[in-house]
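Any value given below was found using the heavy atoms of this structure, including those in side chains, with hydrogens, waters and symmetry copies removed. Atoms within a ligand are numbered from 1 in the order they appear, just like the ligands themselves.
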Amino acid sequence: MKVTLRIWRQSGPDESGKLVDYQMDDVNPDMSFLEMLDVLNERLILNGEAPVAFDHDCREGICGSCGMVINGMPHGPQTLTTTCQLHMRTFSDGDVIVVEPWRSAAFPIIKDLVVDRTAFDRIIQSGGYISVATGSAPEAHSQLVPKPDADLAFENAECIGCGACVAACPNGSSMLFVSAKVSHLNVLPQGQPERETRVLRMVEAMDLEGFGGCTNTGECTNACPKGIPQASIARLNREYLRASLSGRR
Ligand code: FES
């Protein structure tokens, strides 16, 4: 199949960028989107041109490194799919595919399709952890977790921190990300010692990083490759209110 890639090229954080067209002939429909970019980059390197910079690591939908806006949609047109899991058979012969980086004030562009997502790391550092004694693993039944709580924690632990929620949100809000991290830990017994401080500190860090507020547009959940639900944001708000009233910081 033949496609035209219209890719955002920007040589550095302070440089101006523009969309550049690349004609791709002979694309294998079973290639992943990133493999197709690899082929483009091999061609660019052989021609002495700078390859397109993009983030990737696991290429299995696990690490959250990959992330680009494809035809206006974070991770492209297929739901519950990361960019690395997207295949070219999703597109049609002759398509023009527009590829842009995440666009958010809190995710400044480093180069081409690579953005700085360390704001997420700082939010995690502020409260996305639990305190446990080191040593050998505890006996599995020493701390019982009700099945509904385990399922809820697991559902939220699926967040891979890719930032698609921020890229999709018209406000650049990271509420879905923060709500997944808070929900994951706050519903488990292991997360109780820092239950209040966690949510207060993570929301404070989120605001300091310049993310916008949530106005319930729901675009974040639509874009999330792991299907983190809107209910997690409602839980975050309840946890925040509860912690605020508790007086603990
Ligand atoms: S490269 Fe790891 S999720 Fe896509």
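Close approach to Gly61 involves these atoms of ligand 1, each under 4.0 Å from a residue heavy atom: 3 (S). Counting the atoms of ligand 1 from 1 in the order shown, those under 4.0 Å from a heavy atom of Cys63 are 1 (S), 2 (Fe), 3 (S). Heavy-atom proximity to Ile62, at under 4.0 Å, picks out these atoms of ligand 1: 3 (S). Of all atoms in ligand 1, numbered sequentially from 1 with element shown, those under 4.0 Å from a heavy atom of Asp57 are 1 (S). Close contacts between ligand 1 and Gly64 involve ligand atoms 2 (Fe), 3 (S) [criterion: under 4.0 Å to a heavy atom].
Taking the six-membered ring for Trp and the full ring otherwise, Phe120 and Phe107 have centroids separated by under 6.0 Å.
Nearest to atom 1 (S) of ligand 1 among the protein's heavy atoms is Arg59 N, 3.2 Å.
Nearest heavy-atom pair, Met31 versus Val27, reported as atom, atom and distance to 0.1 Å: SD-CG1, 4.1 Å.
Aromatic ring pairs are classed by plane angle as parallel below 30°, tilted from 30° to 60° and perpendicular above 60°; the pair His75 and Trp102 is perpendicular.
For Arg117 and Asp55, the salt-bridge test passes: some basic side-chain N is under 4.0 Å from an acidic carboxylate O. The residues Arg89 and Asp30 are annotated as salt-bridged, a charged nitrogen and a carboxylate oxygen being separated by less than 4.0 angstrom.
Asp21 and Thr4 form no side-chain donor-acceptor contact under 3.5 Å, judged by distance and modelled atom types alone.
Here His56 does not reach atom 2 (Fe) of ligand 1: none of its N/O/S atoms is less than 2.8 Å from the metal.
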